[in-house]
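Note sheet for the following structure.
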Amino acid sequence: KQEVTQIPAALSVPEGENLVLNCSFTDSAIYNLQWFRQDPGKGLTSLLLIQSSQREQTSGRLNASLDKSSGRSTLYIAASQPGDSATYLCAVYQTGANNLFFGTGTRLTVIP
Amino acid sequence: DAGVIQSPRHEVTEMGQEVTLRCKPISGHDYLFWYRQTMMRGLELLIYFNNNVPIDDSGMPEDRFSAKMPNASFSTLKIQPSEPRDSAVYFCASSFGGIDEQFFGPGTRLTVL
């Protein structure tokens with residue numbers, strides 16, 4: 001069964017700092033990988049989706065990379081802001097199973 | 001489009017009562033997913049539909065849980081009878097194409113006393 005791990009579980013950084021969130025998965029047979037953010041008490045907001053054939057995707061200050069062979073993805077956030085504070089979840093879409101497998105998330109706090 | 005709509009946003013009920021959660025997917029999306037989120041287990045897929053037909057319900061925890069999708073714009077998740085361990089946040093999500101980007105609703109926070 002696919003297992004998705006996110007390290008660290010929590011991260012605090014001062015405003016303006018660049019940061020990297022990590023996601024690893026055990027089975028490289030995936031269609032795509034999706035990064036979400038979740039604000040307290042709210043639903044999930046899709047940030048970026050990377051197809052299995054792609055190496056990276058960018059949206060504004062966010063850049064996500066994918067190394068399928070090693071089972072890793074990173075989410076790079078440039079010039080962090082207090083509004084970036086949230087829990088970030090990665091999820092992989094497993095080949096052969098129409099199912100998103102979620103990591104447990106990284107709770108990010110950006111300190112003003 | 002208003003996005004995925006779920007109701008109610010919060011539900012508090014007593015053990016043994018029937019609970020019905022509702023979802024309206026994004027118009028034009030042909031896949032609908034029900035997830036449950038708890039502190040202990042994170043996000044788990046319960047069931048998903050394609051063109052209103054249930055495809056995989058292997059994540060449904062027990063026979064107490066049932067889901068229906070009578071048409072392309074409405075789905076329900078029912079728990080009967082409810083138990084305290086069912087307390088969680090239940091999310092509905094939809095997508096166009098099974099492997100495409102999923103869009104989530106705001107969730108229903110269920111508390112069973």
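The shown structure was predicted, so the numbers you read here are calculated from the model rather than taken from an experiment.
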So if you build clusters from Ile, Leu, Val, Met, Phe, Trp, Tyr with side-chain heavy-atom gaps below 4.5 Å, do B/Val89 and B/Ile79 land together?
-> no

Nearest 0.5 Å please: distance from the CG atom of A/Leu100 over to the CZ atom of B/Phe104.
-> 6.5 Å

Do A/Val20 and A/Phe25 share a hydrophobic cluster (ILVMFWY, side-chain heavy atoms under 4.5 Å, transitive)?
-> no

Non-hydrogen side-chain atoms of A/Gln38 and B/Phe91 separated by less than 4.5 Å = yes

Are more than 12 heavy atoms from other residues, nucleotides or ligands located less than 6.0 Å from atom CD of A/Glu15?
-> yes

B/Arg41 portion near chain A, given a 4.5 angstrom heavy-atom threshold | neither

So do the side chains of A/Leu44 and B/Leu43 get within less than 4.5 Å of each other, counting heavy atoms only?
-> yes

Joint cluster assignment, B/Leu32 & B/Leu77, ILVMFWY side-chain distance < 4.5 Å = yes

List the atom of A/Ser46, the atom of B/Gln102, and the distance in Å for their closest heavy-atom pair.
-> CB-O, 4.1 Å

Is there any residue in residues 49-76 of chain A with a non-hydrogen atom under 4.5 Å from a non-hydrogen atom of chain B, and which ones are they?
-> A/Leu49

Assess whether atom CZ of A/Arg107 is packed by more than 12 heavy atoms of other residues, nucleotides or ligands within 6.0 Å.
-> no

With rounding to the nearest 0.5 Å, note down the distance linking CG in B/Asp100 to OH in A/Tyr31.
-> 13.0 Å

Heavy-atom side-chain contact between B/Gln37 and A/Phe102 under 4.5 Å | no

How long is the span from the CE atom in B/Met40 to the OG1 atom in A/Thr104, to the nearest 0.5 Å?
-> 12.5 Å

Would A/Leu47 and A/Phe101 show up in the same hydrophobic cluster when neighbours are defined by side-chain heavy atoms closer than 4.5 Å?
-> yes

At a heavy-atom separation under 4.5 Å, does A/Phe36 approach chain B through its side chain, its backbone, both, or neither?
-> side chain

Are more than 12 heavy atoms from other residues, nucleotides or ligands located less than 6.0 Å from atom CG of B/Asn71?
-> yes

Would A/Tyr88 and A/Val4 show up in the same hydrophobic cluster when neighbours are defined by side-chain heavy atoms closer than 4.5 Å?
-> yes

